[in-house]
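Sequence positions, counted from 1, serve as the residue numbers for this chain. One-based numbering, in listed order, for ligands and for the atoms of each.
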Amino acid sequence: MIRPLVCATLVLSLAGFPLEAADARDAARLAALERLVHDPQPKVRLEALRSLGRIQDARSAALALEVLDQPMDPALDYALWLTINELAEPWIAALESGAWKAEGHEKQLAFALKSLKPEQVSRVLGRVLNERKLARDGSGPWIELVGEAGGAKELGALYRQALEGGFDPAAAARALTSLDNAVRNRKTRPDGDPKAVRTLLDSTAPEVRAAALRLAGSLKSLGAAELRLDAFAGTDAAETVRNAAFDVLRSLPAAEAGPVLSKLASAPDPTIRTRAVATWAAIDLSAAGPAVVTVLKSLDDEDRAVAFWRSLLAVKGAAKSLTPLMPESGLPAAAARAGMRAAREGGRSDVDLAAALAKAGGIAADAQAFTGQWIKDLAAKAVASGDPNRGEMVYRRTELACVTCHAIGGAGGRVGPDMTSIGASAQPDYLVESVLKPDAKIKEGYHGVIVETKDGQTVSGTVVRESGTELVLRSPANQELVLPKSNIEHRTTATASLMPGGLLDSLPEADQVDLFAFLSRLGKPGDFDASRGGIARRWRLANLVHTDVQNGKEDWMWKAAPADRRWTDILSRVNGDLTRALMEGGTRADFWTAKLAVLAMTEVTTATPTRATFSLQAGAAAELWVDGAKVTGPVDLAPGTHRVIVRIDPTKAPEKIRLESKDVSFRLD
Ligand code: HEC
């Protein structure tokens, strides 16, 4: 430690710096830390970062940011965030004086900005962006950073550039979205004429039209007619634009949106009609009532009916107002069943509505009929003659929704308890009762809460987390809902289970017997033991087609997010096999024909640099690819998430795919 001290003191003295003793010590420590920040060991880099935080100097901030030149991990990320937080003021001073230059350090700058307080970011952005325009293609982090942290002036500059056609369509859409976030989340409006956004509604690029609509909706500067919402919602060719139009309609006052929605409620396209009526009901339930009934009479697809009912019942007081409107008879059974399910899920028990629906749909009544003897008999049959393999397929049916709420081996929803070892830990009678009469015994920790919001919504679910300002619920559809506490009017604990009753009402007894045979085997040794890790359970399937290759777009498979529409989501069986039958069931019928390759994608994570060995069963013709390269032996992985794709020759479809590795974690989300 002595030598660096001498050197640094010498160098700085020669440069004409009058040195105090404390400065000299800092300089020496900085020189030593400069080396440690670049050390190959992440642990050493971490320690170096924390020491830098204690030296209040622009040079230590600049050094700390250099840690980004090497791979990061969550611990380093957090340490750097803390350090920059502590060194914010000296770093900003260096930036303002020009001693620290943003050019060539965009990544460091972006990280630093995300670590600062909003008022600090606004200062920095004003300084860095100055009068400069952003790149046409919107490269770099600037567009989003301005939205997250810019003041009216910086937002105004972004707005102007978008209005003047200074961006490519994709970048223009990002700019408008970023402005929209600033208006909605931070209540900060861009300088400039708020009506001018109208010109972008005529853009030929659908993403620009959609983003412009949303921004116009948030700015509230144009009326429904000027926004041409009826045309955008009803006839625009792009789904993104229609979605945006419906979202804007929903945010408008009933007097303005009502007439548009009532017109759309008789549109020729049934999905538009359904959507319009659901939106109308959300803003003016009594006016929309008759249209609701008309839509229900036309719904015979249960999934769509459940979605429709859920959006209806999210409106405060909806069950009560809709009950008297239900017809005496003549409602399609699917629409009625869907309503009964929605009325009983999420801890609500809108009994009157469920009863009215049972009648309207001609469905036999209710759970109360399941006596103790009934339950015992069904459990005994399941044990004696149930087929657990068939039962697994029953469990996976989308209309039963078990998978949406429950996970096995970590794969699946998290609204209800994990089912991995339910068969080993619970008696068959208990399983049958839990499913037929969910309200009989509610599992500890799974009581739901029901929240009424000040803007007229009723939402329910389990508590994911809670802070002083926010409550986060997991809805019965397995989505996280973030509720600002300032918007909560009333909150109660549900007395009914979040699991809806009546799920098996329309399931033949043989299927019920198999389902319970399956549940009672879960967690016992053999084919239904999902407790072992190291196996891929969550897959996404897609086809590689000739045009991908002709257009040089073959690399989409490494770029498209897992949620991208080209991927079809599918879980393996409990034992880890993704069978051919499952693949065919989960995709289009022509899955194996006339394609270059069938792709099965999964993702893995590693916490440290890892040499990973994969074991793949997928027939002789399958290839294993990792992060864009074909793999035949062990592969070296940096810490982070990696994409693994099994590439299958469609003429040699395998009976199953199975991928294992003890060296990595397979992602389940
Ligand atoms: C809307 C979400 C939801 C759906 C759909 C759902 N469940 Fe549940 N389930 C829950 C919740 C929440 C609990 C815990 C509360 C309770 O005990 O009632 C639960 C509890 C259970 C239990 C008891 C678990 C225990 O450890 O006590 C079983 C068994 C069960 N569900 C099976 C099923 C099956 C089989 C299906 C499909 C036919 C299904 N569930 C559909 C949410 C759901």
Atom 32 (C) of ligand 1 sits nearest the protein heavy atom V435 CG2, 3.6 Å

Atoms of ligand 1 close to V415 [distance to a heavy atom under 4.0 angstrom, numbered from 1] = 12 (C)

Atom 3 (C) of ligand 1 [closest protein heavy-atom partner, distance rounded to 0.1 Å] = C405 SG, 2.7 Å

Does ligand 1 have a heavy atom under 4.0 Å from the side chain of L503, from its backbone, from both, or from neither?
-> side chain

For atom NZ of K454, is the number of surrounding heavy atoms from other residues, nucleotides or ligands below 6.0 Å larger than 12?
-> yes

Considering the heavy atoms of I422, write down every atom of ligand 1 situated less than 4.0 Å from one of them.
-> 24 (C), 25 (C), 26 (O)

Does M419 have a heavy atom less than 4.0 Å from any atom of ligand 1?
-> yes

Ligand 1 atoms nearer than 4.0 angstrom to some heavy atom of L519 are 35 (C)

N/O/S atom name from H406 that is nearest to the position of atom 8 (Fe) of ligand 1 = NE2

Are any side-chain N or O atoms of R643 and backbone N or O atoms of T602, one a donor and one an acceptor, separated by less than 3.5 Å?
-> no

Checking heavy atoms under 4.0 Å, the part of P500 that sits near ligand 1 is side chain

Any T404 heavy atom less than 4.0 Å to ligand 1 = no

So which heavy atom in the protein is nearest atom 11 (C) of ligand 1, and how far is it from that ligand atom?
-> G416 CA, 3.6 Å

Nearest protein heavy atom to atom 13 (C) of ligand 1, by residue and atom, and its distance?
-> P417 CD, 3.4 Å

Using a 4.0 Å heavy-atom threshold (strictly under), name the region of A401 that reaches ligand 1: side chain, backbone, both or neither.
-> both

Answer yes or no for M499: is there an N/O/S atom below the 2.8 Å cut-off from atom 8 (Fe) of ligand 1?
-> yes

What part of D439, side chain, backbone, both or neither, has a heavy atom within less than 4.0 angstrom of ligand 1?
-> neither

Tell me which protein heavy atom sits closest to atom 27 (O) of ligand 1, plus the residue, atom name and distance to 0.1 Å.
-> Y430 OH, 2.4 Å

Check each atom of ligand 1 against the heavy atoms of L498 and keep those under 4.0 Å away; list them by number with element.
-> 1 (C), 12 (C)

Write out the residue and atom name of the closest protein heavy atom to atom 22 (C) of ligand 1, then the distance separating them to 0.1 Å.
-> S434 CB, 3.7 Å

Among protein heavy atoms, which sits nearest to atom 26 (O) of ligand 1, and what does the distance come to when rounded to 0.1 Å?
-> K443 CD, 3.2 Å

May I ask you to identify the nearest protein heavy atom to atom 15 (C) of ligand 1, giving residue, atom name and distance to one decimal place in Å?
-> S497 OG, 3.6 Å

Answer with yes or no whether the side chains of T579 and D577 bring together a donor and an acceptor at under 3.5 Å.
-> no

